[in-house]
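Some notes on the structure that comes next.
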Amino acid sequence: MFMEYKKIISERLSALTGLSNEAIEKLIEIPPKPEMGDFAFPCFQLARTLRKAPNLIAEELKNNIEKSGFERIETVGGYLNFFVDKANLAKSTLEKILTEKDTYGHTKIGAGKTVTIDFSSPNIAKPFHVGHLYSTAVGNALYRIFSSQGYKCVGINHLGDWGTQFGKLIEAYKRWVDEEALEKEPIKELLRIYVKFHEEAEKDPSLEDIARMHFKNLEDGKEEEVKLWQKIKDVSLMEFNKVYDMLKIKFDSYAGESFYNDKMDEVVKMLEEKGLLTESHGAQVVNLDEFNMPPCIIKKSDGATIYATRDLAAAIYRKRTYDFYKNIYVVGLEQTLHFKQVFTTLKLMGFDWADDCVHVGFGMVKFADKKLSTRKGDVIFLEDLLNEAIQRAKELIEEKNAALENKEEVAKIVGIGAVVFTYLKNNRERDIVFSWNDILNFDGETGPYVQYSYARGKSILRKAEGYGTNFDFQKLNSPEEVELIKLLASFNDVILSAIDKYEPSILTRYIIDVAKAFNKFYNMHPILSIEDEALKNARLALVEATTIVIKNGLALIGIDVVERM
RNA sequence: GCGCCUUUAGCUCAGUUGGAUAGAGCAACGGCCUUCUAAGCCGUGUGUCGGGAGUUCGAAUCUCUCAAGGCGCACCA
């Protein structure tokens, strides 16, 4: 909404300069400091074509431009600075927010379009560790962000539920499983027997052959293997769901690797028919030399398919089933080349929609002090991290607000919010250096900070017990109020920018900015105690609008708010 | 060896797509609770924007080059 001013300015300037709307819109910028104006147009580029000094051009434009909707227009050096009419902005922004409430920021620009989002995708029988939260949090945020603009989203959990390791697990299960332990801590027990299998296989290599046989039987659909595989999958999912429930994440599809087992023959056939398959070192591959990429392997030399084949089958299946507008893969950056190969192969197969496939990559979760390895079982389970954060939140509640009613519930929301917030705060392509200290610090630019700002706002509204409708928006003219209103007005612009870049952190940063601006306002301007009724009402409206934007914003990145904390 | 990514304050990171004096948080120090929640606010200090060259009115941002670190380069996903 705030950016609509940009359009107005460019239209008016276009009429005066003869430059196109788009050219001008690209030049318009937001000055580094609010006292310099709300928008600025640099005249340096015009200086060349008009053969006139920039400051003279700015002066001339200032004298001739239509000024309605703006408080004033000034020139500084070669800049033409625009000051929007603040009373107008306050009125239109706050009225819009208070009318639309929960749907403020939402639009329908994506109506009729489907977006498939492949995210989280853990491996069955393996721990769901702190690294998995990156894909999970980013994917879930994208799901919510796209949905808010009217896109129909399909969340796909592409489970790692197929492969030779299941042969090993099946044999290990038959020999050593402790059913009771499996009931209690499925993943830990599965991990234990999996490790045990490798130890025993060292002494008795014949175990490997038995495992291979089990997997062959599984592929052939033999009853015993399928049953055990299903059981292992079920107990794993139960454990994963504990975490998904904590994070309040739901998927529309759990079609994982096994789902595409019978859909790959067709892909191979299509590749053959198009003459794309060539033999290389005994394997069937698609040559990608002309794209400066290594070949995409379709069939291994032993005739078995591989993950690229599976991803091709999955993409084709998704296009047929959902007719997606965008097909998003939230997968680690280390797989960049793999997805390039897959997308290029799809293009070679004649699928133009290959251009709609997007790999949304993210960095790694690393450890500063010690090097952790999954092999040694030296991992941090996500569930443990979340519980640790909840515990920390609980301690803080006891310390700061022991009289709080629903402590457990609040601690859960704040603790989990803090963790998710940390994962979504920075550019997703950055690595996260995992540190207990940082992630359990609830001060500064954190989830709890934003939630706290919301709770403070709500507290004021509770104490006000409603407010009148005679507003004096004119008086919301302090720098703190104006700054806050401008931010609130640009909510939708920020969402669109996050969509454009598939980047939730843009939104997270924005929410921090709103909370910061609110706290500043809160500290400097009394609300409940002032005499002027019309100003009081306007400020209360501003407080309510702020709580709405924080709540809606956090909802888009998968974080809840609390009314008190 | 080749390709991709990263390098901004002591630490963790922003930087509106080439614009005005490069900004936040953490950590440190100082101030603000008989008034709307101090998980807050205010103040203090720090920069060869990895090095060098180029492009132009103007570069943290674009190009080239060098350096350091990370990831990836065919039968794992």
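A, B, ... follow the sequence lines: proteins, then strands. Residue 1 opens every chain. It should be emphasised that the depicted structure is a prediction, and the values quoted were computed from it without experimental measurement.
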Distance-only donor-acceptor test, A:K6 side-chain atoms vs B:rU16 base atoms, 3.5 Å
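Under the 3.5 Å cut-off, the side chain and the base do not form any donor-acceptor pair.
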Is any side-chain N or O of A:D443 under 3.5 Å from a base N or O of B:rA38, one able to act as donor and the other as acceptor?
no
Glycosidic conformation of B:rU12, syn or anti, with 90° from 0 as the boundary?
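Judged by the O4'-C1' to base torsion, B:rU12 sits in anti, the angle falling more than 90° away from 0.
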Is the glycosidic angle of B:rC11 within 90° of 0, making it syn, or outside that range, making it anti?
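You should classify B:rC11 as anti.
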Quick one: which of [options] gets closest to the side chain of [X]?
| X | options | value |
| --- | --- | --- |
| A:K400 | B:rA39, B:rC41, B:rC57 | B:rA39 |
| A:R430 | B:rG40, B:rU8, B:rA74 | B:rU8 |
| A:Y449 | B:rA14, B:rG40, B:rG19 | B:rG40 |
| A:D431 | B:rA39, B:rG70, B:rA14 | B:rG70 |
| A:Y522 | B:rU37, B:rA77, B:rU12 | B:rU37 |
| A:K520 | B:rC42, B:rU12, B:rA74 | B:rC42 |
| A:R509 | B:rC13, B:rA39, B:rA20 | B:rC13 |
| A:L396 | B:rC57, B:rA39, B:rA77 | B:rA39 |
| A:I306 | B:rA77, B:rC26, B:rU8 | B:rA77 |
| A:E334 | B:rC36, B:rA20, B:rC71 | B:rC71 |

Distance check needed: [N] [atom2] versus [X] [atom1], whole Å only.
| X | N | atom1 | atom2 | result |
| --- | --- | --- | --- | --- |
| A:D493 | B:rU16 | CG | P | 16 Å |
| A:F521 | B:rC41 | CZ | P | 14 Å |
| A:M3 | B:rU16 | CE | P | 12 Å |
| A:L484 | B:rC41 | CG | P | 13 Å |
| A:K168 | B:rC76 | NZ | C1' | 11 Å |
| A:L337 | B:rC4 | CG | P | 11 Å |
| A:M524 | B:rC32 | CE | C1' | 13 Å |
| A:Q45 | B:rU56 | CD | C1' | 11 Å |

For A:F343, give me all partners under ring pair (Phe, Tyr, Trp, His ring centres under 6.0 Å), at least two apart in sequence or on another chain.
A:Y329, A:F339
Return the orientation label for the [X] and [Y] ring planes: parallel under 30°, perpendicular over 60°, tilted otherwise.
| X | Y | value |
| --- | --- | --- |
| A:F518 | A:F521 | tilted |
| A:W162 | A:W229 | perpendicular |
| A:F128 | A:F240 | tilted |

In whole Å, measure the gap between the [atom1] atoms of [N] and [M] for me.
| N | M | atom1 | answer |
| --- | --- | --- | --- |
| B:rG10 | B:rC49 | P | 12 Å |
| B:rC4 | B:rC42 | C1' | 45 Å |
| B:rG43 | B:rU48 | P | 25 Å |
| B:rA24 | B:rA14 | C1' | 7 Å |
| B:rA74 | B:rG54 | C1' | 40 Å |
| B:rC41 | B:rG25 | C1' | 15 Å |

Assign [X] to base, sugar-phosphate, or nothing according to its heavy-atom contacts below 4.0 angstrom with the strands shown.
| X | result |
| --- | --- |
| A:R564 | base |
| A:A47 | nothing |
| A:H281 | base |
| A:T336 | nothing |
| A:D438 | nothing |
| A:P294 | sugar-phosphate |
| A:D311 | nothing |
| A:K516 | sugar-phosphate |
| A:N81 | base |
| A:E257 | sugar-phosphate |

Need the pair for [N]. Rule: Watson-Crick or G-U wobble, both distances under 3.5 Å, any strand; none if unpaired.
| N | answer |
| --- | --- |
| B:rA67 | B:rU7 |
| B:rC36 | none |
| B:rG1 | B:rC73 |
| B:rA28 | B:rU44 |
| B:rG54 | B:rC62 |
| B:rA14 | none |

Take A:I397 and A:Y79, find for each the nucleotide of RNA chain B with the closest heavy atom, and name the residue whose nucleotide sits nearer the 5' end.
A:Y79
Is the ring centre of A:F491 less than 6.0 Å from the ring centre of A:Y510?
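Between A:Y510 and A:F491, which both carry aromatic rings, the centre distance is below 6.0 Å.
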Do A:R428 and A:V330 have side-chain heavy atoms sitting under 4.5 Å apart?
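They are not in contact (no side-chain heavy atoms under 4.5 Å apart), so the answer is no.
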Does any non-hydrogen side-chain atom of A:K233 lie less than 4.5 Å from one of A:L159?
yes
Are the side chain of A:S497 and the backbone of A:D493 linked by a donor-acceptor contact shorter than 3.5 Å?
no
Which of residues 452-464 of chain A sit near RNA chain B, with a heavy atom under 4.0 Å from it?
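Contacting residues: A:Y452, A:A455, A:R456, A:S459, A:I460, A:K463.
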Show the numbers, then the answer: is there a side chain to side chain donor-acceptor pair (under 3.5 Å) between A:H525 and A:E480?
CA-CA 9 Å; A:H525 303 284; A:E480 294 77 27; 2.9 Å; yes
Should A:N426 and A:R509 be marked as a side chain to side chain donor-acceptor pair (under 3.5 Å) after you check the CA-CA gap, both sets of side-chain angles, and the distance that decides it?
CA-CA 8 Å; A:N426 295 331; A:R509 295 260 162 202; 2.5 Å; yes
From the list A:I9, A:L89, A:I8, side-chain contact (heavy atoms from CB on, under 4.5 Å) with A:V84 holds only for A:L89
Yes or no on salt bridge (Lys or Arg N to Asp or Glu O under 4.0 Å) for A:E481 and A:R539, after CA distance, side-chain angles and deciding distance?
CA-CA 9 Å; A:E481 288 159 322; A:R539 283 192 179 157; 2.8 Å; yes
